[in-house]
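By convention in this document, chain letters (A, B, ...) are assigned in the order of the sequence lines, proteins followed by strands, and residues within each chain are numbered from 1.
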Amino acid sequence: MEAEDSDLPDYLSVLNEEQLQAVVHEGSPLLILAGAGSGKTRVITTKIAYLIDKKHLDPYSILAVTFTKKAANEMRQRAELLSPKAQYAQIKTFHSWGAYFLRKYYQAAGVSSTFTVYDEDDMVTLVTKSYPSLTRVQASAFVHKISLAKDYCLEPDSLELDQIDSDEKFREVYAAYQQRLEATGNVDFGDLIMKPYLVLRDNEALKLEMQKRYRVILVDEYQDSNVAQFLLLKELSGIAAGSSTYVCVVGDDDQSIYKFRGAEVQNILNFQNQFPGTKLVRLQTNYRSTQEILSCADSVVRNNESRLGKTLVAARGKGKKPTLVFLPDQDDEVEFCASIIEQAHEKNVPYSDWAILYRLNAQSSGFEHTFIHKKIPYQIVGSLKFYEREEIKDLLAWLGFLVNQKDEVSFRRISNKPARGVGPGTQDKIINAFIDEKCQSILDGAKSIKLTKKAKDGFDAFVSLVDDFSKSLNSKENEGKKLTELISEINEKSLLNEYYKGQDEISGTQKTANLEELANNAMFYPLSVQGLLDFLDSIQLDRTTQDEDESDDQDRVTLITLHNTKGLEFNRVIISGMENGIFPREDKSFAELEEERRLFYVGITRARNELYLTSTRQRRLYGRTNYMEPSLFLSEIDGAYLRVLGQKPSSFAVGSASDPFAKKWTKGKIVFHDDYGEGVISSARFSGEGKWVINVDFFNGGSKVFIPEFQQNRLTLQEE
DNA sequence: CCCGTCGTTATTTTT
DNA sequence: TAACGACGGG
């Protein structure tokens, strides 16, 4: 034992026992249940280094996937610090791995080798064009469902598509969109996962090649994986066919909060069944928060039924008790937050210690107004997105069209901006000809049709711009030149710059500056098709907000939605709006309520030292003032872990979660009613008034809706 | 093509 | 409340 230990590299000696166990494990699939703040990234990066250094694994055969580019970058850097050879391992986001795969096997996937990725906005454009009777708003709803379908790997003719929307029209729209998308040679986000899966599923030889290459596959944040990603992982690892690829997934079922976007918590809950022989390791030592905060978090999340279960233990000691504050209305809530931040600031607590968390973006405006007035510096995380700006999308569309002239969405975006007589009608004609005649370029589509003089002139001007830019891109003298040069050229010659200069002068916007910034961002990419594609990938596969002009080393309060806090930590956290209807959001089914509870858990565990919860009796939302009930979740916190300030509503008791009506009314459970006899709960939801509403199908026929709270002891749950 | 007006509609959003 | 899109007139 001793001798073996001295053989181990240094980086293993800093691990705790559970971390070490996770790092050195081998021989079966591994599920690492990593609680918040338990050193998850350290474990993954150490494992990568260990596999390379100690197990002499070829780094080329390691694939580590994450969900965000930020996480991938951090993982790569930290792994390289431990073992320089880790730079040869593939450490990427799921989607950028998909892009890598599709570029390599574009023929098998039926996409252009120079495809670019359509975002949601582009998808909406394509849906309206492939199904013209739809308004943009209607198209957006379909786009949402199409994305969800792809997250579940469902094609337009899949039977299970009914589970997303059983209306035949949805199938039609999806099919029409998909056909149109394939004509462009481009892909959407869903395709980046789904298409590689389909290619591998249908191509045995390629699948074996992949399985031979990847000896180790690590997946981070596995609780956020969707069905498509699960299917892809299964194909890639060949686990179903008994391959010896080592699969290790890391995640926290208690932090699964993206169901609405296709994340499937069942992936992590069922991992041990899907991958037989799985070893489970729990990382339960928390290095972030104090014990009082963790106990508070635990008393909430243990109310969930669908979880693997774990209990975090603080490495940092007891700490300060979290504070729950009741306030009359939202203005008082804002004032309260401002005042504790200011008071602390007078005692030299920096603003950047603080984060204010909320469920709805709409809640941020109150804080903003008051903070501006009181001169409290703040930053809002996740509002304005650089890449979503109109002018940026215009330039990106130019770049996308230069490498793929089948790109309908980009063509429509740039061919008449600024106006040159190529309006939507002309665009439709050109695109239709392009599709009908299966041309290689949309520009060829115009050859077979008649255009008016005005349209013809404008179109010719556009074509000559494309020619100019293509020449610049493909010139033989590009050695040493940067992509910035091309972007600046486009910016000037396309007259976009001039077009937006006018707008900037009238409305005081920053559009020309943004265009320039985009050009500057391309400084590190060579002027070549490959450089251009890499640049587009780097933007399209990283949708994080870019407030780069104001870096985060400034001292300011963070205003942020609960969802956006994942992976972050703050010394002092305020979770605002703890009211039924806001948080949890109203009309939640049981499963959704569990997800809301996980969201609360995520919020609580962001706090290092201090946690405040605020709840108002009255709230103005969407121009309406409503009387509010304290959040159900507040009653779930054990009273021993909470200090309560302000006027407590009479109906409220801390730690009253033992109240049988606070939970347990779940679909499928058997109940007994004094008047109607035995029945089964066919649905259960939590109303905005903080009460359960259940529907019971009685065994002797008939069904009824009840609010159990009002039935008192006439309605009882049959415990199994 | 731009501008004003009216009506509609309101979670959360790693890629 | 307020922000955004659709629509019609100049």
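- Boundaries of the chain A contact region on DNA chain C are C/dT1 to C/dA6, first to last in 5' to 3' order (nucleotide atom under 4.0 Å from a heavy atom).
- Taking the ring centre of A/Phe101 as origin, the terminal cationic atom of A/Lys104 falls outside the region bounded by 6.0 Å and 45° from the ring axis.
- Residues satisfying the side chain to side chain contact (heavy atoms under 4.5 Å, CB included) test with A/Arg413, not counting sequence neighbours, are A/Asp121, A/Glu390, A/Lys393, A/Asp394, A/Ala397.
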For nucleotides 8-12 of chain B, which of its nitrogen or oxygen atoms have a protein nitrogen or oxygen under 3.5 Å away, and what is each distance?
| from | atom 1 | to | atom 2 | distance (Å) |
| --- | --- | --- | --- | --- |
| B/dT11 | OP1 | A/Tyr622 | OH | 2.7 |
| B/dT11 | O4' | A/Arg585 | NE | 3.3 |
| B/dT11 | O2 | A/Arg359 | NH1 | 3.1 |
| B/dT11 | O2 | A/Arg359 | NH2 | 2.4 |
| B/dT11 | N3 | A/Lys588 | NZ | 3.4 |
| B/dT11 | O4 | A/Lys588 | NZ | 3.4 |
| B/dT12 | OP1 | A/Asn361 | N | 2.9 |
| B/dT12 | OP1 | A/Asn361 | ND2 | 3.1 |
| B/dT12 | O4' | A/Arg359 | NH2 | 3.2 |
| B/dT12 | N1 | A/Arg359 | NH2 | 3.4 |
| B/dT12 | O2 | A/Arg359 | NH2 | 2.2 |
| B/dT12 | O2 | A/His563 | NE2 | 3.4 |

Report the C-alpha separation of A/Ile582 and A/Met628 in whole Å, then their side-chain angles, then the decisive distance to 0.1 Å, and conclude whether the side chain to side chain contact (heavy atoms under 4.5 Å, CB included) test is met. CA-CA 9 Å; A/Ile582 300 274; A/Met628 310 302 286; 3.6 Å; yes

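- As judged by a 4.0 angstrom heavy-atom cut-off over every strand, A/Lys70 is placed among residues making no nucleic acid contact.
- Judged by closest nucleotide on DNA chain B, A/Asn416 is the one of A/Glu120 and A/Asn416 placed further toward the 5' end.
- Atom CZ of A/Phe94 is separated from atom C1' of B/dT15 by 11 Å (rounded to the nearest Å).
- Backbone-only contact: A/Arg136 has heavy atoms under 4.0 Å from sugar-phosphate atoms and none from a base.
- Ion pairing between A/Lys511 and A/Asp504 fails under the 4.0 Å rule for side-chain N and carboxylate O.
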Under the side chain to side chain contact (heavy atoms under 4.5 Å, CB included) criterion, do A/Ser415 and A/Phe459 qualify, and how do the steps go? CA-CA 7 Å; A/Ser415 53; A/Phe459 182 73; 5.9 Å; no

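- Distance NZ (A/Lys566) to C1' (B/dT15): 13 Å, rounded to an integer number of Å.
- When only modelled atom types and interatomic distance are considered, A/Lys150 and A/Gln178 share a side-chain donor-acceptor pair under 3.5 Å.
- For the pair A/Lys417 NZ and B/dC1 C1', the computed distance is 14 Å after rounding to whole Å.
- Computed from coordinates, the A/Met123 CE to B/dT15 P distance equals 16 Å when rounded to whole Å.
- Under a cutoff of 6.0 Å and an axis angle of 45°, A/Arg103 and A/Phe115 form a cation-pi pair.
- Taking atom C1' on both nucleotides, C/dA6 is separated from B/dT11 by 25 Å, rounded to a whole Å.
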